[in-house]
Amino acid sequence: MVRHNYKGGNHEKIEYDVLILGAGPAGLTAAIYCGRYRLKTAVVAKSFGGTANLAGELENWPGFIGSGFDLMEKFKSHAEKFGARFLQAEVSDVRKEKDRFVLEIGDKEIHGKSLIVALGTEHRKLNIPGEKKFAGKGVSYCATCDANFFNGKDVAVIGGADSAAKAALYLAEIARKVYISYRKNEMRCEPISLKKIENHKKIEIYYQSVPLKIEGDNAVKHLVLEQEQKDGKMKKIKLDVSGVFVVIGATPVVDIVKNLGLKMDKGGYIITDKEGKTNVSGVFAAGDVTDNKLKQVVTASAEGAIAAKSAYEKLKFMCK
Ligand code: NDP
């Protein structure tokens, strides 16, 4: 495999058949399929594995139970085996010039005949006082990455869906106490997780609560919540915690492709048809960045495969 790190130079001006933006399950699967279609393929990403890397224990990739990181390593070596070229770089601009796509990377450019956008999502922020100040000093967006810093300590998880549930259960294995703050009156995670949470001695849930601020000195010391009481009055609650895990979903990473004129839904997710086609000819999208309903490794991978097939068919047609 040839790996180019554009920060260190080493530029070659090559035109690819397919440029894949993003190297999570969607991008990596697209790379495997493009390779098998014998398309000259470049995968461009800041890092490899995407948010799947953060899944401690993946239990719903058929035939595999293990860490998301390990599975992504397998995806990557699989894609490499079929000739995908990996460019670890930050793309500053993406544009279409006639029937070609151009990725700007620093002062360099790479060109491709088609583009698969598989940029995934990034963590949503609370935007409350203290969140930014204590990021990396107690505020975290990834339990599986940071749980070990909170061995024997008290932590809080904000959120009430699947990721928050998983994070709380994972943290409860390591921390002394895990508080969950959720704005509604019943968590909407998978029932199997909810049952585990409700039966867990270390986990305490504050329903109908919203976080107001995170306080501390050099690191997080308190989370201040506001909880609606039975009489409708609001009560302030100050939790003594060393860690606050913000697990409130994600937003699609679409900024760098905004100049392409891709149609998006109201959440900013790229609208695709069943073949992974977008409204822009030659641009396909796959995985969590699309308006799909189920955001899982298995669906992202399937969409990556479909986008690759569509790109292949489009290129075949162009060659005729
Ligand atoms: P979701 O978008 O599903 O949930 C986000 C959670 O954060 C919701 O509970 C939401 O509240 C809450 N929230 C959003 N914004 C705020 C805010 N500003 N302040 C406070 N709370 C907020 O994200 P997930 O990451 O949990 O899940 C994403 C997808 O991945 C889903 O499809 C999920 O099923 C899937 N997934 C599956 C897993 C599995 O093991 N099967 C594991 C992890 C994720 P509200 O409920 O009120 O909207």
Side-chain angles (χ1 to χ4, degrees), residues 24-26 49-62 64-69 71-72 119-132 135 139-147 156-173 178-197 203 205-214 223-228 234 237 239 244-253 265-269 286-303:
T51 44
N53 274 344
L54 310 180
E57 181 92 330
L58 257 187
E59 291 176 337
N60 46 14
W61 176 262
F64 174 92
I65 293 186
S67 83
F69 182 83
L71 186 64
M72 289 306 99
L119 287 163
T121 54
E122 61 192 1
H123 302 297
R124 192 177 282 137
K125 308 280 188 307
L126 282 168
N127 297 318
I128 58 167
E131 182 183 23
K132 207 168 177 181
V139 172
S140 167
Y141 299 86
C142 173
T144 48
C145 315
D146 296 331
V157 172
I158 317 292
D162 286 317
S163 299
K166 289 261 173 184
L169 288 166
Y170 186 70
L171 283 160
E173 289 174 25
V178 178
Y179 300 102
I180 298 175
S181 163
Y182 181 42
R183 61 190 181 184
K184 292 194 179 135
N185 59 9
E186 172 150 306
M187 287 185 75
R188 62 167 171 85
C189 56
E190 289 178 325
I192 189 170
S193 301
L194 184 55
K195 194 159 184 225
K196 282 186 200 165
I197 285 173
I203 303 179
I205 312 178
Y206 284 88
Y207 280 119
Q208 289 182 275
S209 73
V210 289
L212 295 181
K213 58 182 170 180
I214 299 163
L223 168 68
V224 181
L225 304 175
E226 191 170 53
Q227 189 187 37
E228 190 181 338
M234 303 305 287
I237 297 162
L239 299 174
V244 177
F245 287 80
V246 181
V247 197
I248 58 169
T251 51
V253 180
D265 69 7
K266 62 180 187 326
Y269 292 88
D288 287 7
V289 78
T290 72
D291 63 333
N292 65 11
K293 290 284 171 284
L294 186 62
K295 308 231 178 277
Q296 301 279 294
V297 175
V298 73
T299 46
S301 298
E303 288 176 26

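Whatever order the structure lists ligands and atoms in, that order sets their numbers, starting from 1.
- Closest non-hydrogen pair, A250 versus R124, comes out as O-NH2, 3.3 Å.
- Within the 4.0 angstrom cut-off, atom 43 (C) of ligand 1 has one or more protein heavy-atom neighbours.
- Scanning the protein for heavy atoms near atom 40 (O) of ligand 1, the closest one is K166 CE, 3.1 Å.
- For ligand 1, the atoms lying closer than 4.0 Å to a non-hydrogen atom of E190 are 41 (N).
- K166 contributes no side-chain N or O that, together with a main-chain N or O of A161, makes up a donor-acceptor pair within less than 3.5 Å.
- Counting protein heavy atoms only, atom 32 (O) of ligand 1 is closest to K295 N, 4.0 Å.
- Taking a cut-off of under 4.0 Å to the non-hydrogen atoms of G249, the atoms of ligand 1 that pass are 2 (O), 5 (C), 23 (O), 25 (O).
- The residue from G267, G159, S163 that puts a heavy atom closest to atom 24 (P) of ligand 1 is S163.
- The nearest protein atom to atom 33 (C) of ligand 1, hydrogens excluded, is given as D162 OD2, 3.3 Å; this is a heavy-atom distance.
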Report all side-chain donor-acceptor pairs from residues 187-195 shorter than 3.5 Å, counting only partners two or more places apart or in another chain.
none

Report task. Check step by step if side-chain contact (heavy atoms from CB on, under 4.5 Å) holds for L126 and V139. Result -> CA-CA 11 Å; L126 282 168; V139 172; over 6 Å; no
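- Looking at every heavy atom in both residues, L294 comes nearest to T299 through O-OG1, 2.7 Å.
- The protein reaches atom 8 (C) of ligand 1 closely, with a heavy atom under 4.0 angstrom from it.
- Across all their heavy atoms, Y269 and T290 have their closest contact at CD2-O, 3.3 Å.
- Near K184, meaning under 4.0 Å from any of its heavy atoms, are these atoms of ligand 1: 45 (P), 46 (O), 47 (O), 48 (O).
- The salt bridge (charged side-chain N to carboxylate O under 4.0 Å, His left out) test applied to K132 returns no partner, not counting sequence neighbours.
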Query - I180/I203 under side-chain contact (heavy atoms from CB on, under 4.5 Å): CA gap, chis, key distance, verdict - result: CA-CA 7 Å; I180 298 175; I203 303 179; 3.7 Å; yes
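- The protein heavy-atom contact nearest to atom 13 (N) of ligand 1 is I248 CB, 3.5 Å.
- Of the protein's non-hydrogen atoms, the one nearest atom 48 (O) of ligand 1 is R188 NH2, 3.2 Å.
- Protein heavy atom nearest atom 17 (C) of ligand 1, with residue, atom name and distance: R183 NH1, 3.5 Å.
- Checking side-chain atoms of E303 against main-chain N and O of G287 turns up a donor-acceptor pair under 3.5 Å.
- Minimum heavy-atom separation, I158 to V244: CG1-CG1, 4.0 Å.
- For ligand 1, the atoms lying closer than 4.0 Å to a non-hydrogen atom of R124 are 14 (C), 15 (N).
- The protein atom (non-hydrogen) at minimum distance from atom 46 (O) of ligand 1 is Y182 OH, 2.4 Å.
- Here the shortest heavy-atom pairing between L225 and L239 reads CD1-CD1, 3.8 Å.
- Each of the atoms 9 (O) of ligand 1 lies under 4.0 Å from some heavy atom of G160.
- Atom 35 (C) of ligand 1 has as its closest protein heavy atom Q296 NE2, 3.2 Å.
- Taking 4.0 Å as the cut-off, N60 counts as a neighbour of ligand 1 on heavy-atom distance.
- When non-hydrogen atoms are compared, ligand 1 lies under 4.0 Å from neither the backbone nor the side chain of V210.
- Between L126 and ligand 1, no pair of N/O atoms sits closer than 3.5 Å.
- The shortest heavy-atom contact between W61 and V297 is CE3-CG1, 3.5 Å.
- Looking at M187 against ligand 1, nothing comes within 4.0 Å, counting heavy atoms.
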